[in-house]
Novice: 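The structure's right below; bear with me while I get my questions together.
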Amino acid sequence: MSPPLLIVENLTVSYPSAQTPALSDLTLNLQRGERLGLIGESGSGKSTLARAVAGLLPRGTSVAGRIEWPALNRPAEPGRDIGFVFQDAGASLDPVMRVGAQIAEVVRADRNLSWHEANKSALDLLAAVSLPDPATLARSYPHQLSGGQRQRVAIAAALAGEPALLLADEATSALDTIVQAEIAALLDRLVRERNMALIFITHDIALASNLVSRIAVLQDGRLVEEGVTHDVITRPSRPYTRELLAAHWELPAP
Amino acid sequence: MKRPVRSLSGMVGIAILAALVLVAVFAPLISPGDPLAITARPLLPPLADWAHPLGTDRLGRDLVAGLVHGARTSLAVGLAAAVASLMIGSIIGTLAGFLGGWTDEALMRVTDAFQTVPGFLLALAFVSVAGPSLPVIVLAIALSAWTGPARVARAEVLSLRERDFVASARVIGMHPLEIAFREILPNALPPVLALSSVIVAAAILTEAALSFLGLGDPNRVTWGGMIAEGRAVLRSAPYLSIIPGIALVLAVLGVYLAGEATVERAARRVGHA
Amino acid sequence: MPRALRLIRRRLLTSIPVLLIVLIGTFLLLELAPGDAVDAYLVSSGGDAAMIEALRTRWSLDASPLARLGAYLWAVLRLDLGWSVSFSRPVLDVVLERLPNTLLLMGSATFLSFSLGSLLGVAAGSRPGSWRDRLLSIGSLALYAVPGFWLGLVLAVIFAVRLRWFPLSGIETIASGKQGLARVADIAWHLALPVLSLGIIYCALYLRMMRAGMAEVWRQDFTLAARARGISRHRIVWRHVARNALLPLVTMLGLQSAAILGGSVVIESVFSVPGLGRLAQEAVSSRDTPLLLGIILVSAVLVILINLAVDCAYAGLDPRVGGSEAA
């Protein structure tokens, strides 16, 4: 069996101002091309885990434990090995830079291409995330796009470094239901076509269940349940997971 | 990591300011007699005679006496001009924000007009037409400094206008102007007052520049006037211009630092509440 | 470019009432001043009682204040800013003659303060809280407390009197007969100290704004997103953080134009630069009120024009301005 892509072992993370650690003694691993759903309420430590994996924790944060990338044989580089998609796509784009240039800049930084090649590659990426008329769209600014279009642009920027892992942190939560489903379908297709691993972070267990093969449930910074998606959904072993499931099913159908 | 340095600079500011106020208040005790009187031989260099540690000017007037009494003028003008511009600014800002509509539009265009004319030129013209005396100078400086407080007060009043306590004042039938000045203005004041150190500092600098150009109160010693006086002998006795300038820099710096520390402390208090 | 045109039209429309208020203000100051235009004219040209009456009627000085205001506005509209006693020439001619020198001084000082200030601001703001940052912040605050005219005198003592590197006063060597580049170099040599004294003080302002702006931008998500995408720190600092933090500085450029014009009054006096500021001081000392008010009026128009230019520049730098209808 080939070595796993990512190993997280006994990870504990504490922010300088907080009383309790944001993550305690968390162990997790991920195979190449595997899809993992990370579920939990807000404040459960999902985003901290994502940022720790991507190396984006703020300075002054104390980190204990190991994060290793056996399949890479080196520490992962942001952009080149990990594509990160944020919740608020509008805020994750520079408001005064054309979106084409923002993607091309990532291509250039991660793949050492010339500006000319990077610009061409940016157009391909915009087409890959199913945006119509990439040439025109590349010349627009973030504020001229819809929320769904912005998230597609942000996904294109995350793909630009051809990473082995796509990390989507509540990437669909800020969107309305229809667009949410479209973006989820897009992620599903991209991960399959490009043979990437996916960590899909959400509080919406139902949305995750359509997308991932394995689910990990976080509560108060601890991993409380982990298993194959079908098992976790049909036979949750923890009351917390049952609550998360119940909270979803009780919602009126859209 | 940041706080100790910040509060240290705040302490330095308050210390400078306190020393300055003491000197200004006790000027007649520290340096009795008329600071414009001739007390020694002219152009005595600094540190040559312990009766006149910083030397004398072209006419033989003591530099220390000038600095001590000049502190009075600088501080008095700075404070008075700041009080005047804060008052004018908050009244106009409150009226504009509270009344809205055409009044607001008209008052804001007036504010624009005062911001379009270079403040120093306006002060220069006003003093030149009305004649140089302390009240005229104070008014001249306030004439260009009230626009900042007016804009801040207006913005604050706009955000307060729809609050519950204003609505309840309306319900009990308070007169609109009474609501504006007794209910809203006091609540809008803190951010306006946060501007005061910057305005005091700018007023001290403007007064100095006016005096430097010969438009200060001729019956008072001013630091700006001393700098101008020393200019005539800039080649042979540069200390005459440089020393009062250092006093000016220290005074303005003291006001800035103390003001920054006060605003920061106020912000922290609000943050904790 | 319809976006820029819309902006220009809006700015010009709001400028009309502002200019009108400025005119009423200068008229009031003119009324307040002792003596009237005829007295001033007679001082310089002489004349008998009949001529005085004729002039008073022609210039509507015997009319009601409102009619006089009307006459004043009508005259200004025809670009007639009155008669300068001390120069025995029309005010507008004298003012326009001095304007280029002030524009040169202001422009160079603004360029110096803006470029140096924003660069140092990037140096301070690229690593908030570092020693470099704290040193620059405290230094700029100290600089902000320095009166420009005094800094000018100190620089003059050091570089003109002691070291003799730069001339003490004037804008160019008198009757040197220099032409072309030699003349440009001569003027630059004369303006070096005035530009430095005026520019360094405002440099502190831009430094502090840039630093604060960068701290603000660092807190926004897209800087973290850029890091997550593997963009180098150098590029994030310059291309994203500094670029976004620059926008409020550009606005400040317009707001500060009135202040820097006021500041040049004193600096021109220190270095005897024959510009508007020096002219204002001359007008004050010779009690030439029409000239002084003419300077104020021209300065106000200048400030409005500068703000117009700054608005256009801003629209070019920030795609979000006024573009909502176009999208």
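Here is how names work: the chains are called A, B, and so on, in the same order as the sequence lines, proteins then strands, and each is numbered from 1.
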Novice: For C/Val301, which atoms come within 4.5 Å of any heavy atom of chain B: side chain, backbone, both, or neither?
Specialist: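 For C/Val301, there is no contact with chain B at all, as no heavy atom is under 4.5 Å.
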Novice: Is it the backbone or the side chain of C/Val154 that comes under 4.5 Å from a heavy atom of chain B, or both, or neither?
Specialist: side chain
Novice: At a 4.5 Å cut-off on heavy atoms, which part of C/Leu292 comes close to chain B: side chain, backbone, both, or neither?
Specialist: side chain
Novice: Knowing that exactly one of B/Thr222, B/Val77, B/Thr73 qualifies, which makes a side-chain contact (heavy atoms from CB on, under 4.5 Å) with B/Ile137?
Specialist: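 Among B/Thr222, B/Val77, B/Thr73, the one that satisfies the side-chain contact (heavy atoms from CB on, under 4.5 Å) with B/Ile137 is B/Val77.
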Novice: Tell me, out of B/Val255, B/Ile246, B/Leu250, who's got the most heavy-atom pairs with chain C below 4.5 Å.
Specialist: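 Answer, by heavy-atom pair count under 4.5 Å with chain C: B/Ile246.
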Novice: Do other residues, nucleotides or ligands put more than 12 heavy atoms under 6.0 Å from the CZ atom of C/Arg287?
Specialist: no
Novice: Name the member of B/Thr111, B/Leu124, B/Leu122 that forms the most heavy-atom pairs with chain C at distances under 4.5 Å.
Specialist: B/Leu124
Novice: Please state whether the side chain, the backbone, both or neither of B/Ala125 comes within less than 4.5 Å of a heavy atom of chain C.
Specialist: both
Novice: Do any N or O atoms from the side chain of C/Thr102 and from the backbone of C/Leu276 form a donor-acceptor pair under 3.5 angstrom?
Specialist: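 Yes, because the side chain of C/Thr102 sits within donor-acceptor range (under 3.5 Å) of the backbone of C/Leu276.
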Novice: Could you walk me through whether B/Arg109 and B/Asp104 pass the salt bridge (Lys or Arg N to Asp or Glu O under 4.0 Å) test, one step at a time?
Specialist: CA-CA 9 Å; B/Arg109 288 294 88 77; B/Asp104 183 24; over 6 Å; no
Novice: In terms of ring plane angle, is the pair C/Phe166 and C/Phe159 parallel, tilted or perpendicular, where the classes change at 30° and 60°?
Specialist: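 Correct class here is perpendicular.
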Novice: Is C/Ser269 close to chain B through its backbone or its side chain, or both, or neither, when contacts mean heavy atoms under 4.5 Å?
Specialist: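 Answer is both: backbone and side chain atoms of C/Ser269 are under 4.5 Å from chain B.
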Novice: Please classify the contact of C/Pro147 with chain B as side chain, backbone, both or neither, using a heavy-atom distance under 4.5 Å.
Specialist: both
Novice: Would you mind checking which part of C/Val265 comes under 4.5 Å of any heavy atom in chain B, side chain (CB onward), backbone (N, CA, C, O), both or neither?
Specialist: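 The side chain, not the backbone.
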Novice: At a heavy-atom distance under 4.5 Å, which candidate from B/Thr116, B/Leu234, B/Leu121 has the highest pair count against chain C?
Specialist: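 Answer, by heavy-atom pair count under 4.5 Å with chain C: B/Thr116.
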Novice: Please classify the contact of B/Phe126 with chain C as side chain, backbone, both or neither, using a heavy-atom distance under 4.5 Å.
Specialist: both
Novice: Does any backbone or side-chain atom of C/Leu297 lie under 4.5 Å from a heavy atom of chain B? Answer side chain, backbone, both or neither.
Specialist: neither
Novice: Of the backbone (N, CA, C, O) and the side chain (C-beta and beyond), which part of B/Ile204 lies under 4.5 Å from a heavy atom of chain C, both, or neither?
Specialist: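 Neither part.
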